[in-house]
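Notes for the one structure printed next.
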Amino acid sequence: YTAHLLSANRRKVVCVDMDLEAPGLAALFKCEDEVTSSQGVVSLLVELDQGEEPDFASHLIPVPESDNIYLIPAGRTTADYARKLRFIMPDAWYREERNPLKLFLTGIKEKLPFKPDVILLDARTGITDINGPLLFDLADIAIVTFFPHPQARLGTELLTQGLLTSRTGRKISGQALAPEPRFLVSPLPNVPELQKKYEKSLLSGSLNGCPALMKIERIARFLMKGN
């Protein structure tokens, strides 16, 4: 929804599937069949780790029925994908001078046929080797999705404290900034009638009565304000 709201306001959006263990954005955007075995985040990271200069544009897939949304999938899940996945080692990269993960984000910003207005990184639940750097080092804004349950309270508090004490590459007057946390209550109720109501409200531009989507709209408007 965030990507479509941004796209409707003429923002070019690149969605990146960083859930490398269980990728799903290509299926969500209904372009799973277009992903080739040589495309995706995993292939790009492996090539960058080997000192190559990959063609970022060749990994870009236009999302159907949208003029401004593009996808960089995690990859096509084959035996070769699983083999390449073993070479993804962010903890080691942060001890080296050449960091493929940082080069990957720089490539999306600078080496596509167009300059994205917004890059949305879809990461999996929890703190993993790949999510940690994305949240605490590379993201300008961290959208924390959670369900308001007592079991999630402590984890959400610790995550927020970690974000506020981290520093990214963004600077103002020479001072490094922390990622800006935003919060989204999820999941939406798994009731077909309600989901249809939410989709209809989104398409009509009216999100009254749908708190989760109203929050998404505020996030999208915040992202647009920064551009």
Side-chain angles (χ1 to χ4, degrees), residues 2-7 9-20 23 25-26 29 31 34-36 38-63 66-76 84 87-123 129-143 166-180 182 219-220 222-227:
T2 302
H4 282 288
L5 284 168
L6 291 165
S7 172
N9 284 271
R10 300 181 181 179
R11 298 301 196 273
K12 288 193 178 296
V13 184
V14 175
C15 300
V16 186
D17 194 346
M18 298 299 299
D19 188 353
L20 306 184
L25 273 191
F29 285 131
C31 53
E34 297 181 35
V35 182
T36 67
S38 61
Q39 282 181 310
V41 174
V42 169
S43 292
L44 278 167
L45 288 173
V46 169
E47 290 178 33
L48 289 166
D49 191 30
Q50 295 172 344
E52 300 178 20
E53 295 292 337
D55 177 13
F56 279 79
S58 66
H59 295 262
L60 204 62
I61 298 176
V63 171
S66 172
D67 295 329
N68 295 311
I69 304 177
Y70 300 84
L71 169 68
I72 297 182
R76 191 173 186 86
K84 289 179 180 178
F87 297 101
I88 307 301
M89 298 181 289
D91 56 334
W93 294 341
Y94 270 80
R95 296 192 297 267
E96 301 171 359
E97 184 176 346
R98 179 184 172 88
N99 187 328
L101 192 56
K102 291 187 176 184
L103 293 173
F104 171 73
L105 264 296
T106 300
I108 297 176
K109 295 175 184 177
E110 300 178 357
K111 296 184 179 181
L112 293 178
F114 58 89
K115 183 175 178 58
D117 294 306
V118 179
I119 301 170
L120 297 178
L121 304 175
D122 178 43
D129 289 346
I130 198 79
N131 289 6
L134 295 178
L135 278 170
F136 301 118
D137 182 36
L138 301 175
D140 295 328
I141 299 174
I143 301 175
S166 299
R167 294 294 178 266
T168 69
R170 292 189 306 151
K171 294 183 179 180
I172 292 181
S173 301
Q175 183 175 358
L177 302 178
E180 298 184 23
R182 295 291 182 272
I219 291 170
F222 179 84
L223 291 170
M224 288 186 288
K225 191 188 302 183
N227 289 282

(message) Heavy-atom count check: over 12 atoms from other residues, nucleotides or ligands less than 6.0 Å from R10 CZ?
(response)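 Atom CZ in R10 is not packed in, count stays at 12 or less.
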(request) Take atom CD of Q50 as the centre, draw a 6.0 Å sphere, and report whether it contains more than 12 heavy atoms from other residues, nucleotides or ligands. (result) yes
What are the two closest non-hydrogen atoms of [X] and [Y], and how far apart are they?
X    : Y    : answer
L71  : A26  : CD2-CA, 3.6 Å
H59  : S38  : CE1-O, 3.2 Å
A74  : L20  : CB-CD2, 4.0 Å
R76  : T36  : CB-O, 3.6 Å
L48  : P54  : CD2-CD, 3.6 Å
T168 : F136 : CG2-O, 4.5 Å

(request) Could you pull out all residues at least two apart from N99 that satisfy side-chain hydrogen bond (donor to acceptor under 3.5 Å, both in side chains)? (result) none
(message) Side chains of F114 and V14, heavy atoms from C-beta outward: is any pair under 4.5 Å?
(response)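 F114 reaches V14 side chain to side chain.
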(message) Does any part of the side chain of I61, heavy atoms only, come nearer than 4.5 Å to the side chain of F29, both counted from C-beta?
(response)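 The answer is no; the side chains never approach within 4.5 Å.
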How many angstroms lie between atom [atom1] of [X] and atom [atom2] of [Y], to the nearest 0.5 angstrom?
X    : Y    : atom1 : atom2 : value
I88  : M18  : CD1   : CE    : 8.5 Å
L103 : L44  : CG    : CG    : 11.5 Å
L60  : D55  : CG    : CG    : 10.0 Å
D67  : K12  : CG    : NZ    : 8.0 Å
L138 : I130 : CG    : CD1   : 9.0 Å
R98  : W93  : CZ    : CH2   : 10.5 Å

(message) Would the distance check show the side chain of E180 and the main-chain N or O of D140 forming a donor-acceptor pair, the cut-off being under 3.5 Å?
(response)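 Such a contact is absent between E180 side chain and D140 backbone.
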(request) Pick out which of V35, D17, V42, V41 makes a side-chain contact (heavy atoms from CB on, under 4.5 Å) with P23. (result) D17
(message) My understanding is that only one of V118, I69, D122 makes a side-chain contact (heavy atoms from CB on, under 4.5 Å) with C15; could you say which?
(response)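 Answer to the side-chain contact (heavy atoms from CB on, under 4.5 Å) test with C15 among V118, I69, D122: I69.
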Can you give the donor-acceptor pairs under 3.5 Å from side chains of residues 104-113 to other protein atoms, not counting sequence neighbours?
from: T106; atom 1: OG1; to: K102; atom 2: O; distance (Å): 3.0
from: K111; atom 1: NZ; to: E53; atom 2: OE1; distance (Å): 3.1

(message) Between L101 and L45, does the side-chain contact (heavy atoms from CB on, under 4.5 Å) criterion hold? Intermediate values first, please.
(response) CA-CA 7 Å; L101 192 56; L45 288 173; 4.2 Å; yes
